[in-house]
Amino acid sequence: MKKNIILYSAFIIPIILTIIIHIYGFPRAKAEIDNFKQYDDMLTFYNMNSLPVLGTKMWDAYTDYTPRMPGGFYYILYTFIYKITNENFFISRIVFMFLCFLVLFVFLLWLYKRFGKYITAVFTALLLCNAYLFFASIDIYNPNPMIYLSFILLILFCEYVSDGKYSYVSALFMFPIIALMAQCHFAVFFSIVPSLIVYHIIRFKTLTKKYIVPLLLSVFISFLLYLPYLISEINNGFSNTLSMISFRQGGKLVGLPQIYCMLIYPTTEMSIFYGRTNAILYFWFKDNPFLVFMALMLLLTAAFSITAFIFSAKKVFTKNNQSFDVRDIMLRESMILYLIYIPATLLVFFIAKSKPGTFHYIYNAFALSFVPILILTKYIEEGRFIKLKTFLPIFAIFISIALSLHIVRTINLYAKQYSYDNHKALMQSIIDDSNGEEFDLDTIRTISTIKEMYKFASLMYGISDEWNMNEEAKLTYFIFNRDMYFFTGKWSDVKEGKNKPIPENAVKIWGDDILSVYRYIKD
């Protein structure tokens, strides 16, 4: 009875917490230049009433010459949601969020059918409040569909390698799902695609050969998903493709992908969402009432993730780990794919000289990153570590609590001040203060990016006619952004809020200590 209460709590508590953090975080989602630019792109496709064949820009969102992602799935999804919500951007985001919930529900349902109540309870607690899944669900942004499609891909892969009644269908749809992911982010071609190719070469005699027909059909269907793009490129002289090639030829290796993020995804570590050293120090040590609890959970989840990886990797190469149980086959083959993914991704990124990017470059393997924990959890459930069997669901509940606290603090310190509503209020304050006069913008760093962001934002908010920005204007509005101050300032100044790089004689017209506007006249 006591064990059932713990398991039910591992289901119920995370559900309550995820509802709370989504209600709180959704209207406070951070809006940046990519969000405004992608909305503008979507609206262009929508108004043209044409099928998008290109995705987002592959590099700087505000440069005209940058090539775009081949394939239009992301903008097809975006325009479809925008249309069914009667052109309401806010409701479009809500629909997208519920689609994300639906994918997680399908995955947890599959987990329950295949692995039972215990494992599903633990993973409900681990996934529903996961920071990466949370922030990917509260706004429409091109890497975000990819992180959720990774769960569909893992289901299909597991069913395929089980060599059961669903293997044929799973093999048939595996590569089309990857194609949709690749149309959201091109890094898919440098990571999961070569990893699966290597896996199928290794397993050619035992698995690939048997399912060669559905696999080839799967590749063919994937090609069909790119057919509109190919036709478009033929008609316009392969302009986008040639632009991509020219970018790659002139590229230099600037670093390898942050593959270690696969160990971080299952933990409570989420500093990627708020910045570098000063921002991290500020997050942890500036008036943090939950410092001890959050730090302890970070250390424990990190240890748990690393232990699970070492345990699972070792188990793959153990001779007595050749069970023919369907669940064991699924987990063993998934772990083999995980181990192939790491060197394959590093090698292909190196050969292609691709920029390393940030964690979202590896979102296509997000679900795969939980496989080691799934293996260890199953081992614990089977009573191999009997003392941990009762403790693990409790630990998972505490992880969900720690994640929720971490997310709320991240929103309060680094997101809500840069929300869609707050950006609109900032722009309206400049419009009102300038009273129709032309003005220029200034800020701490990345001035061109800020100018472009607010240009795109003026289009979203329908105030472009009033947004009289002119770089030659004497009237200037300095936008103080605390994130940029954290980026350039010293910790001794940041922790006390001193030496902010605000122009002399500038007068504050709007905002707070995090995001504010100052007016001054240029010399």
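It should be emphasised that the depicted structure is a prediction, and the values quoted were computed from it without experimental measurement.
Contact record, C184 with N142: O-ND2, 2.8 Å, taken as the closest heavy-atom pair.
Look at R203 and E333 and you find a salt bridge, because one of the NZ, NE, NH1 or NH2 atoms lies within 4.0 Å of a carboxylate O, short of that distance. Classification of D483 and K30 as a salt-bridged pair holds, one side-chain N sitting under 4.0 Å from a carboxylate O.
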Give the C-alpha distance, both sets of side-chain angles, the deciding distance and a yes or no for salt bridge (charged side-chain N to carboxylate O under 4.0 Å, His left out) between E159 and R114. CA-CA 10 Å; E159 292 297 332; R114 280 298 190 183; 2.8 Å; yes
Evaluate the criterion ring pair (Phe, Tyr, Trp, His ring centres under 6.0 Å) for residue pair Y420 and F36; output intermediate values, then yes/no. CA-CA 9 Å; Y420 289 99; F36 291 113; 5.6 Å; yes
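Judged by distance alone, the side chain of N288 and the main-chain N or O of F285 form no donor-acceptor pair under 3.5 Å. In this structure, the side chain of E269 engages the main chain of S271 through a donor-acceptor pair within 3.5 Å. No donor-acceptor pair closer than 3.5 Å links the side chain of H185 to the backbone N or O of P143. In terms of modelled atom types and a separation under 3.5 Å, the side chain of S419 and the main chain of R28 share no donor-acceptor contact. Not a single donor-acceptor pair under 3.5 Å links the side chain of T18 to the backbone N or O of P14. With D139 contributing its side chain and A29 its backbone, the two residues share no donor-acceptor pair below 3.5 Å. Between the side chain of S400 and the backbone N or O of A125, no donor-acceptor pair lies under 3.5 Å. Proximity of a side-chain donor or acceptor of Y148 to a complementary backbone N or O of L133 within less than 3.5 Å is detected. Using a distance-only test at 3.5 Å, with no hydrogens or angles considered, a donor-acceptor pair links the side chain of S137 to the main chain of F134.
Annotation: side chain of W110 is in contact with side chain of F115 (closest heavy-atom distance under 4.5 Å). L153 has its side chain within reach of M181: a pair of non-hydrogen atoms, C-beta onward, lies under 4.5 Å apart. Residues I147 and Y265 are not in side-chain contact: their nearest non-hydrogen atoms beyond the backbone lie 4.5 Å or more apart. At a threshold of 4.5 Å between non-hydrogen side-chain atoms, the residues S334 and L154 count as touching. Put simply, the side chain of Q183 does not reach to within 4.5 Å of the side chain of P70, judged on heavy atoms.
By the neighbour-count criterion of 12 heavy atoms within 6.0 Å, atom NZ of K209 is sparsely surrounded, having that number or fewer from other residues, nucleotides or ligands. Annotation for N412: atom CG counts as buried by contact number, over 12 foreign heavy atoms lying within 6.0 Å. Taking a 6.0 Å sphere around OH of Y24, one finds it holds more than 12 heavy atoms contributed by other residues, nucleotides or ligands.
There is a side-chain donor-acceptor pair under 3.5 Å between S191 and N364. Using modelled atom types and a 3.5 Å distance limit, the side chains of Q38 and Y75 yield no donor-acceptor pair. Side chains of N481 and Y418: a donor-acceptor N/O pair is present below 3.5 angstrom, by distance only. A side-chain donor from one of Y141 and D34 sits under 3.5 Å from a side-chain acceptor of the other. A donor and an acceptor atom, one from each side chain of D163 and Y211, are located under 3.5 Å apart. Remark: the N144 side chain and the Y132 side chain contain no N/O donor-acceptor pair separated by less than 3.5 Å.
Applying side-chain contact (heavy atoms from CB on, under 4.5 Å) to F359 and the options Y260, F273, F366 leaves one that passes, Y260.
The distance from atom CD1 of I399 to atom CG of L392, rounded to the nearest 0.5 Å, is 7.5 Å. If you take CG on L149 and CD1 on I192, they are separated by 12.5 Å, rounding to the nearest 0.5 Å. Separation of atoms CZ (R482) and CG (L413) is listed at 6.0 Å; rounding is to 0.5 Å. If you take CD1 on I329 and CG on L207, they are separated by 10.0 Å, rounding to the nearest 0.5 Å. Separating the CG atom in L331 from the CD1 atom in I336 is a distance of 11.0 Å, to the nearest 0.5 Å. Between Y166 atom OH and L172 atom CG the span is 15.5 Å, to the nearest 0.5 Å.
A perpendicular orientation is assigned to the rings of F486 and Y414, their planes being inclined by more than 60° (bins at 30° and 60°). Under the 30°/60° scheme for interplanar angles, the aromatic rings of W284 and H406 are found to stand perpendicular.
Taking the six-membered ring where the residue is Trp, the centroids of H360 and F135 are separated by 6.0 Å or more. Aromatic ring centroids of F107 and F123 lie 6.0 Å or more apart. For Y78 and Y74, the distance between ring centers is under 6.0 angstrom. For an aromatic pair to be called close, the ring centres must be under 6.0 Å apart, and F189 with F186 satisfies this.
F26 carries R93 over the face of its six-membered ring, with the cationic atom under 6.0 Å from the centre and within 45° of the normal. A cation-pi arrangement is present between R409 and F283, with the terminal nitrogen or guanidinium carbon under 6.0 Å from the aromatic centre and inside a 45° cone about the axis.
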